[in-house]
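Notes to accompany the following structure.
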Amino acid sequence: GDPGHGAVEVVAEVDEGHGADGTRGRAGAPRGGTQWTEVGPLATVLAGMQVRGVVGGGRFELRRLVGAGACGAVFAAHDRERGREVALKRPHEQVGAPLLRFQREFQALAAIRHPNVVTAHELIAERGRWFFAMELVEGPPLTMAALGVREGFRQLCAAVEALHAAGIVHRDLKPANVRVTPQGRV
């Protein structure tokens with residue numbers, strides 16, 4: 001299928017022993033490495049799905065699919081080199097204008113330092129596939145968090161203001177994309 005039409009791409013092997021494509025064993029993973037494999041338009045169903053695999057030359061050990069949308073997917077991963085949990089964002093479209101927009105998104109995000117904006121770590125290309133590592137924000141979406149409406153909205157507005165000041169327009173701002181840490185940081 002065409003990844004630009006709602007398809008989600010995930011990596012490697014699903015914990016239940018079934019590949020992401022529904023078959024037993026590894027889902028499209030070549031010997032000695034992991035390959036991004038299309039699995040269909042199941043973004044909401046697949047969020048939280050456990051995945052296994054390694055990308056970035058063995059540096060990032062994939063844990064689970066955090067979420068996916070029209071433009072890309074985000075995975076929780078362990079950065080073996082830095083010893084920390086990260087989120088890996090990968091665009092569905094790996095060429096042309098969508099890839100350029102993805103690269104510009106990383107550059108703009110990396111320049112922002114704000115407590116309510118996720119920290120971008122680095123942009124990586126591996127065998128012609130692009131992704132970037134960023135801070136992994138654990139916690140429920142804003143709508144499910146035990147945070148007062150005023151405080152949540154105040155922090156969200158501060159984040160959007162910081163993005164706009166840097167010339168960034170968030171193209172997929174919705175409650176499901178806004179996380180709240182256990183400490184109450186949006």
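These figures come from a predicted structure and were not determined experimentally. Along the sequence shown, residues carry numbers from 1.
One N or O on the side chain of E126 and one on the backbone of G57 form a donor-acceptor pair closer than 3.5 Å.
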Side-chain donor/acceptor pairs under 3.5 Å, residues 96-107, sequence neighbours excluded:
unit_1: E105; atom_1: OE1; unit_2: K89; atom_2: NZ; d: 3.4
unit_1: E105; atom_1: OE2; unit_2: K89; atom_2: NZ; d: 2.6

Please report, to 0.1 Å, the donor-acceptor pairs under 3.5 Å made by any side chain of residues 153-164, with sequence neighbours excluded.
unit_1: R154; atom_1: NE; unit_2: E151; atom_2: OE1; d: 3.0
unit_1: R154; atom_1: NH2; unit_2: E151; atom_2: OE2; d: 2.8
unit_1: Q155; atom_1: OE1; unit_2: N116; atom_2: ND2; d: 2.9
unit_1: Q155; atom_1: OE1; unit_2: V186; atom_2: N; d: 2.6
unit_1: Q155; atom_1: NE2; unit_2: E151; atom_2: OE2; d: 2.7
unit_1: Q155; atom_1: NE2; unit_2: G184; atom_2: O; d: 3.0

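Under a 4.0 Å N-O distance rule, the pair E138/R179 does not qualify as a salt bridge. In summary, R185 and E135 engage in a salt bridge, as defined by a charged side-chain N under 4.0 Å from a carboxylate O.
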| task | May I have the step-by-step check of side-chain contact (heavy atoms from CB on, under 4.5 Å) for R127 and R129, ending in yes or no? | result | CA-CA 6 Å; R127 295 189 307 262; R129 295 295 207 178; 5.6 Å; no
| task | Could you walk me through whether M134 and V86 pass side-chain contact (heavy atoms from CB on, under 4.5 Å), step by step? | result | CA-CA 6 Å; M134 61 185 169; V86 297; over 6 Å; no
| task | Give the C-alpha distance, both sets of side-chain angles, the deciding distance and a yes or no for side-chain contact (heavy atoms from CB on, under 4.5 Å) between L109 and F132. | result | CA-CA 11 Å; L109 191 56; F132 67 74; 4.3 Å; yes
| message | Using the rule given for side-chain contact (heavy atoms from CB on, under 4.5 Å), can you reason through V178 versus L173, listing the C-alpha separation, both sets of side-chain angles and the distance that settles it, and then say yes or no? | response | CA-CA 8 Å; V178 179; L173 185 59; 3.9 Å; yes
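Side-chain contact check for I124 versus W130: every heavy-atom pair is 4.5 Å or farther apart. Between R59 and R82, the closest side-chain pair of non-hydrogen atoms falls below 4.5 Å. Using a 4.5 Å heavy-atom cutoff, the side chains of R84 and H78 are not in contact. Side-chain contact between F75 and R63 is absent, with no heavy-atom pair separated by less than 4.5 Å. With a 4.5 Å cut-off on side-chain heavy atoms, F60 and V54 do not count as touching.
Scanning both residues, A73 and L65, for their nearest heavy atoms gives CB-CD1, 4.1 Å. L136 approaches A76 most closely through the heavy-atom pair CD2-CB, 4.0 Å.
Heavy atoms of other residues, nucleotides or ligands lying less than 6.0 angstrom from CZ of R150 number 12 at most.
To the nearest 0.5 Å, atom NE2 of residue H114 and atom CD1 of residue I112 are 9.0 Å apart.
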